[in-house]
Each structure stands twice: as structure tokens, then as C-alpha cells.
Amino acid sequence: MSYLMPSEFVSKMVDAGEEKIYMSTKDTLIRAFMAGAILALAAVFAITVAIKSGSPILGACLFPVGFIMLYLMKFDLLTGVFTLVPLALIDKRPGCDMKQLLRNWGLVFIGNFAGALTVAFLISFILTYGYHTDGGVIAEKVSSIGESRTLGYAEYGVAGWFTIFIRGMLCNWMVSMGVVGAMISTSATGKIAAMWMPIMLFFFMGFEHSIVNMFLFPFSMIMGGDFTFTQYIIWNEIPTALGNLAGGLCFVALPLYYTHVKQSAKRKVAQPADMSTEVKASF
């Protein structure tokens, strides 16, 4: 595993943020669509494994496969651009301003949502044989997740909203550590190893990921989940996305940037007097 020093890979983070701002609309949408679709498939896979094996930890251990695939293909998640793109503005890269940042975030959101929604329809179709059966235990499980993570939070009002916001923060703290972790190595195996642990942690802990939720909640509604699209947006997607933004930016991007790119000057420490000089001076 070829390891890069923090000063090197944090500079790569800034470069990546600038690259995403300059990416064409077509490429941004395609990469975001594929990222949303692959992550949705990974979520279905992990839930299926957990149900059939009876082991949630096994599902969590295998979920990072999807994240690793999309990262190695250079596809883009909203959670990743939340962390990387602001660094291009903070570093004052030419042409990188708030308008361009919002353009990138908006396009990635649309692409991610379209990809996740496509997979939601495809999986719901095959589980129900074209909507002729009830979808079985997998559909039932996902429907219950959708209800508990909308109506369950709404039940607690403002406290519930901030609970999901914090879960979103913790989620993208870990997901962004996976994104950054992949930059510490120049080998594929090193990147995979660095990404695996934080992604597994967020999934097993039940933290809230805005793109995973773009699949889970529409799928849950298709399969009969007892909540509305408005409830999903207000009581899940908005606080989750805001939490993802805060977590990736405040816990990963800014600390790394300000201690490895904008490093402060070293302290000057008074050196102790030479002992031999002190001894001679005493005679």
C-alpha cells in the first residue's frame, strides 16, 4: 500500500473539488445517476443479506462493496461533493464560486435521486412479479424502515428533526472519511481497505445517508409504506442532507484543510542554556 502524507492527499481533495466544478453538465449527471443507482443496489443487497442470514453485522460488512465500486469508477455522490467542492472555494481556485458550487450540488442531487429512484422501481417490479404479489419479507422490512424513519421522527417534533440531523452528520463524517481514505493510497487494494471500515460503521450504526434514503423511502412508498412524500422530504431527506453537509464539511474537510494545507507557523520554543557553559560560569 503506497501511502501518501496528509499534506499530499488533502491537496488532492482540493483538486478534486475544483475538477467537479469544471465538469460538464452531461458528465456530472451521468456520474451522479450511476452513483445513486449503485448505492441503491448495495443497500438492497445489504438488507437482503441481513434478513436471510439473520445477521445485521454481515449486511453492514458487505454494504461497502457498492461504495467501493462507485468510487473506483469515479462516480459522484452528493455526500462526497458536500465535502470536496467547498474546498475549491475556500482555496480560492479560479472560477470556483458559490454559484458554481450550488450548480454542482444541484446536478448531483438530481442525478443521485434519478438513479436511486430507477433502482427502487426495478427492485419493486422484480420482487412483486410486475406488482402481482406483495414483495415478501424484503419489501415488508423496507416499508417498516420507511415508516419508522419518517413518522417515527415526526412523533418527537423538533427533537426528532434534530435527531435525524445529527444522524446525518455522523453518517457523512464516516462516509467522507471513506472518500478521503481512498486518497491516502495509490493502489486499488489500499483504497479499498481505507474505505471499508468507515462505510461499514455508518451502515451498521443506522446513521442517515441522503442517497441511500433516496432509494429506501420511494421504494417503501411503492411497496405500501404508510407515509406521504411530503413527510419523507420534511422528516427525512431535508434534515439528513443538511446533516450530511455539516458532517462532511465540519468534521472532515475543514479540519484537514486548515491543519495540512493552511498549516500555521511552528512555535518558537526557548532552548535551555548549554550545561557546560553554565558549569564554567560558576567557577
Note to self: Membership question, hydrophobic clusters at under 4.5 Å side-chain separation (ILVMFWY): are Ile110 and Phe113 in the same one?
What the structure shows: no
Check: With no hydrogens and no angle check, is any side-chain donor or acceptor of Thr259 less than 3.5 Å from a backbone partner on Leu256?
Finding: no
Check: Any chance NZ of Lys52 has more than 12 other-residue heavy atoms, nucleotides or ligands included, within less than 6.0 Å?
Finding: no
Check: Do Ile199 and Val175 touch side chain to side chain, with heavy atoms closer than 4.5 Å?
Finding: yes
Item checked: Minimal non-hydrogen separation, Met183 against Ala16, with atom names -> CE-CB, 4.2 Å
Next item on the list: State, with a plain yes or no, whether a side-chain heavy atom of Asn213 is found less than 4.5 Å away from one of Leu216.
Entry: yes
Notebook entry, point to check: In terms of hydrophobic clustering (I, L, V, M, F, W, Y; side-chain heavy atoms under 4.5 Å; direct or indirect links), are Phe215 and Phe121 co-clustered?
Noted result: yes
Item checked: Within 6.0 Å of OH in Tyr131, more than 12 heavy atoms from elsewhere -> yes
Show me the side-chain donor-acceptor pairs of residues 86-94 shorter than 3.5 Å, one per line, residues at least two apart or across chains.
from: Asp91; atom 1: OD1; to: Tyr257; atom 2: OH; distance (Å): 2.5
from: Asp91; atom 1: OD2; to: Arg93; atom 2: NE; distance (Å): 2.9
from: Arg93; atom 1: NH1; to: Asp15; atom 2: OD1; distance (Å): 2.9
from: Arg93; atom 1: NH1; to: Glu18; atom 2: OE1; distance (Å): 2.6
from: Arg93; atom 1: NH2; to: Asp15; atom 2: OD1; distance (Å): 3.1

Item checked: Nearest heavy atoms of Asp27 and Met23, plus distance in Å -> CB-CG, 3.7 Å
Atom pairs and distances, side-chain donor-acceptor, residues 242-255, under 3.5 Å, sequence neighbours left out:
from: Asn244; atom 1: OD1; to: Ser210; atom 2: N; distance (Å): 3.0
from: Asn244; atom 1: OD1; to: Ser210; atom 2: OG; distance (Å): 2.9
from: Asn244; atom 1: ND2; to: Gly168; atom 2: O; distance (Å): 2.8
from: Asn244; atom 1: ND2; to: Glu208; atom 2: O; distance (Å): 3.1
from: Asn244; atom 1: ND2; to: Thr240; atom 2: O; distance (Å): 3.4

Notebook entry, point to check: So do Phe9 and Val180 actually touch side chain to side chain, heavy atoms under 4.5 Å?
Noted result: yes
Check: For Met214 and Tyr232, which heavy atoms make the closest approach, and how far apart are they?
Finding: CA-OH, 3.6 Å
Check: Do the side chains of Phe203 and Met177 join up, straight or via other hydrophobic residues, at under 4.5 Å, putting them in one cluster?
Finding: yes
Next item on the list: Quickly, which of Leu39, Ile30, Leu70 forms a side-chain contact (heavy atoms from CB on, under 4.5 Å) with Phe75? Name it, please.
Entry: Leu70
Item checked: Other ILVMFWY residues reachable from Phe45 by side-chain steps of under 4.5 Å -> Val49, Leu58, Leu62
Checklist line | Heavy atoms of other groups near Tyr22 OH, more than 12 under 6.0 Å | finding: yes
Next item on the list: Determine whether the side chains of Thr228 and Thr230 contain a donor N or O and an acceptor N or O closer than 3.5 Å.
Entry: no
Notebook entry, point to check: How is the hydrophobic cluster of Val269 composed, in terms of its other members, when Ile, Leu, Val, Met, Phe, Trp and Tyr link through side-chain heavy atoms under 4.5 Å apart, directly or indirectly?
Noted result: none
Notebook entry, point to check: Do side-chain atoms of Glu147 reach the backbone of Gly225 as a donor and acceptor pair under 3.5 angstrom?
Noted result: no
Check: Mind checking whether Ile51 and Phe63 sit in one hydrophobic cluster, side chains of I, L, V, M, F, W, Y counted as touching below 4.5 Å?
Finding: yes
Checklist line | Whichever hydrophobic residues join Leu122 through chains of side-chain contacts under 4.5 Å | finding: none
Next item on the list: Kindly work out whether a path of hydrophobic side-chain contacts (I/L/V/M/F/W/Y, heavy atoms less than 4.5 Å apart) joins Phe109 to Trp105.
Entry: yes
Validation: residues 136-145 side-chain donor-acceptor distances under 3.5 Å, sequence neighbours left out:
from: Ser143; atom 1: OG; to: Ala139; atom 2: O; distance (Å): 2.9
from: Ser144; atom 1: OG; to: Lys141; atom 2: O; distance (Å): 2.6

